Student: 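This is the structure, below, for whatever I ask next.
What you are looking at is a predicted structure, and each value in this text was computed from that prediction instead of being measured. Index from 1, following the sequence. Below, each value reflects all heavy atoms present in this structure, side chains not excepted, and no hydrogens, waters or symmetry copies.
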Amino acid sequence: AYQHRTGPDSRTNLSKALAALEASVTAWSPERAPREWAITALNLGNRYSRMRDHAQAIPFYEQARGILEGLIQSFPENTAYRRNAIRAASGLGLSQFRTGDSTAALETLNRALAAQEQLPANLQETTDFLEERAILFSNLGNVYLQGLQDDEAALQSYQRGIEIRKQLVQENAESASAWRGLSVAQ
């Protein structure tokens, strides 16, 4: 509830959300409730990242990813575990980059892209998937450009992200047009 509030107290709201999440970590353990613990760790990583405390975010992303990868081994058909593991890897890669470890960030983000490609085809066509994929390419572009000074690789990553965003814009326009057509027909 606190995480989405904005305004002059937004930093305080993030701190309250963080405190609540940290308290929940003591209620879960990876052994007793691995799914809940992994999601809590992922949320903690996200909160620290949002507060720009990437050094604090990294261990939570690593723990979440590790637990989720274990769950994937036990439940390979569970796409929610896969998607959350990809989100943990994406957050980890961004935090690694923000703390100056561009080489690790590149490896982590490429692993996240590879994991996305392993998702079932029907999930790869969803708006959420495409948005997350575009963000991954944008983050890769940043790593290549700012961290590794590889202009060509950065340009290729940015272009792939832009292609995905164009696809999303076109799909949204077609959807809006269909909705308008429905409202006119009534």
Student: Salt bridge or not for Glu69 and Arg82, using N-O below 4.0 Å?
Tutor: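 Answer for the salt bridge query: no.
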Student: Please lay out, stage by stage, how Leu136 and Arg133 fare under the test side-chain contact (heavy atoms from CB on, under 4.5 Å).
Tutor: CA-CA 5 Å; Leu136 272 171; Arg133 191 150 180 90; 5.5 Å; no
Student: For Ala89 and Ala112, work out which heavy atoms get closest and say how close.
Tutor: CB-CB, 3.9 Å
Student: Using only atom types and a distance under 3.5 Å, with no angle test, would you say the side chain of Tyr61 pairs donor to acceptor with the backbone of Gly45?
Tutor: yes
Student: Run the ring-centre check on Phe137 versus Tyr158 and record whether the distance is less than 6.0 Å.
Tutor: no
Student: Do Phe75 and Trp37 sit in one hydrophobic cluster, given that two such residues count as connected whenever their side-chain heavy atoms are within less than 4.5 Å of each other, even indirectly?
Tutor: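 Per the 4.5 Å side-chain linkage, Phe75 and Trp37 are co-clustered.
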Student: If you round to the nearest 0.5 Å, how far is CG of Leu44 from CD1 of Ile39?
Tutor: 11.5 Å
Student: Tell me, please, which residues at least two apart from Arg87 pass salt bridge (charged side-chain N to carboxylate O under 4.0 Å, His left out).
Tutor: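 Residues passing salt bridge (charged side-chain N to carboxylate O under 4.0 Å, His left out) with Arg87: Glu132.
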Student: With a 4.5 Å cut-off on side-chain heavy atoms, are Arg83 and Asp128 touching?
Tutor: yes
Student: For Thr108 and Arg65: C-alpha separation, side-chain torsions, deciding distance, then whether side-chain contact (heavy atoms from CB on, under 4.5 Å) applies.
Tutor: CA-CA 11 Å; Thr108 301; Arg65 186 179 66 171; 3.8 Å; yes
Student: May I ask you to check whether Thr127 and Glu171 show a side-chain donor-acceptor distance below 3.5 Å?
Tutor: no
Student: Should Lys166 and Val169 count as side-chain neighbours, where that means a heavy-atom distance under 4.5 Å?
Tutor: no
Student: For side-chain contact (heavy atoms from CB on, under 4.5 Å), just list the numbers for Arg165 and Ser138, CA-CA rounded to whole Å, side-chain angles, deciding distance to a tenth of an Å, and then say yes or no.
Tutor: CA-CA 11 Å; Arg165 285 190 170 94; Ser138 178; 4.3 Å; yes
Student: Do Leu42 and Ile67 sit in the same hydrophobic cluster, where Ile, Leu, Val, Met, Phe, Trp and Tyr count as joined when their side-chain heavy atoms come under 4.5 Å apart?
Tutor: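 No; tracing contacts between hydrophobic side chains, which count when under 4.5 Å, never links both residues.
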Student: Under 4.5 Å between side-chain heavy atoms, hopping through other hydrophobics if needed: is there a path connecting Ile164 to Ile86?
Tutor: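 In one cluster: yes.
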Student: Nearest 0.5 Å, please: how far is CE in Met51 from CD in Gln56?
Tutor: 9.5 Å
Student: With side chains defined as the heavy atoms from C-beta onward, is the minimum distance between Asn46 and Asn43 less than 4.5 Å?
Tutor: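 A side-chain contact exists here, since the closest heavy-atom pair is under 4.5 Å.
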Student: Can you sort out the partners of Asp151 under side-chain contact (heavy atoms from CB on, under 4.5 Å), two or more places apart, ordered by chain and number?
Tutor: Leu145
Student: CD1 of Ile162 to CZ of Arg160: how many Å apart, nearest 0.5 Å?
Tutor: 13.0 Å
Student: Does Leu71 reach the side chain of Asn78, with side-chain heavy atoms less than 4.5 Å apart?
Tutor: no
Student: Would you indicate whether the side-chain heavy atoms of Asn139 and Phe97 approach each other to under 4.5 Å?
Tutor: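 Not touching, per the 4.5 Å side-chain cut-off.
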Student: Show the nearest heavy-atom pair for residues Ala154 and Gly141, with the distance to one decimal.
Tutor: CB-O, 3.5 Å
Student: Of the non-hydrogen atoms in Gln124 and Glu117, which two are nearest, and what is the gap between them?
Tutor: NE2-O, 3.1 Å
Student: Quick one: pull up CG in Leu109 and CD in Gln96 and give me the separation to the nearest 0.5 Å.
Tutor: 7.5 Å
Student: Taking it one step at a time, do Glu125 and Leu130 satisfy side-chain contact (heavy atoms from CB on, under 4.5 Å)?
Tutor: CA-CA 7 Å; Glu125 297 169 6; Leu130 293 171; over 6 Å; no
Student: Does Leu92 offer a backbone N or O that forms a donor-acceptor pair with the side chain of Ser95 under 3.5 Å?
Tutor: no
Student: Should Glu152 and Tyr144 count as side-chain neighbours, where that means a heavy-atom distance under 4.5 Å?
Tutor: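 No, their side chains stay 4.5 Å or more apart.
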Student: Side chains of Leu140 and Leu113, heavy atoms from C-beta outward: is any pair under 4.5 Å?
Tutor: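 Yes. Closest side-chain heavy atoms under 4.5 Å.
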Student: Please report the interatomic distance CG(Asp150) to OG(Ser102), rounded to the nearest 0.5 Å.
Tutor: 11.5 Å
Student: Side chains of Phe129 and Leu119: closer than 4.5 Å at any heavy-atom pair?
Tutor: yes
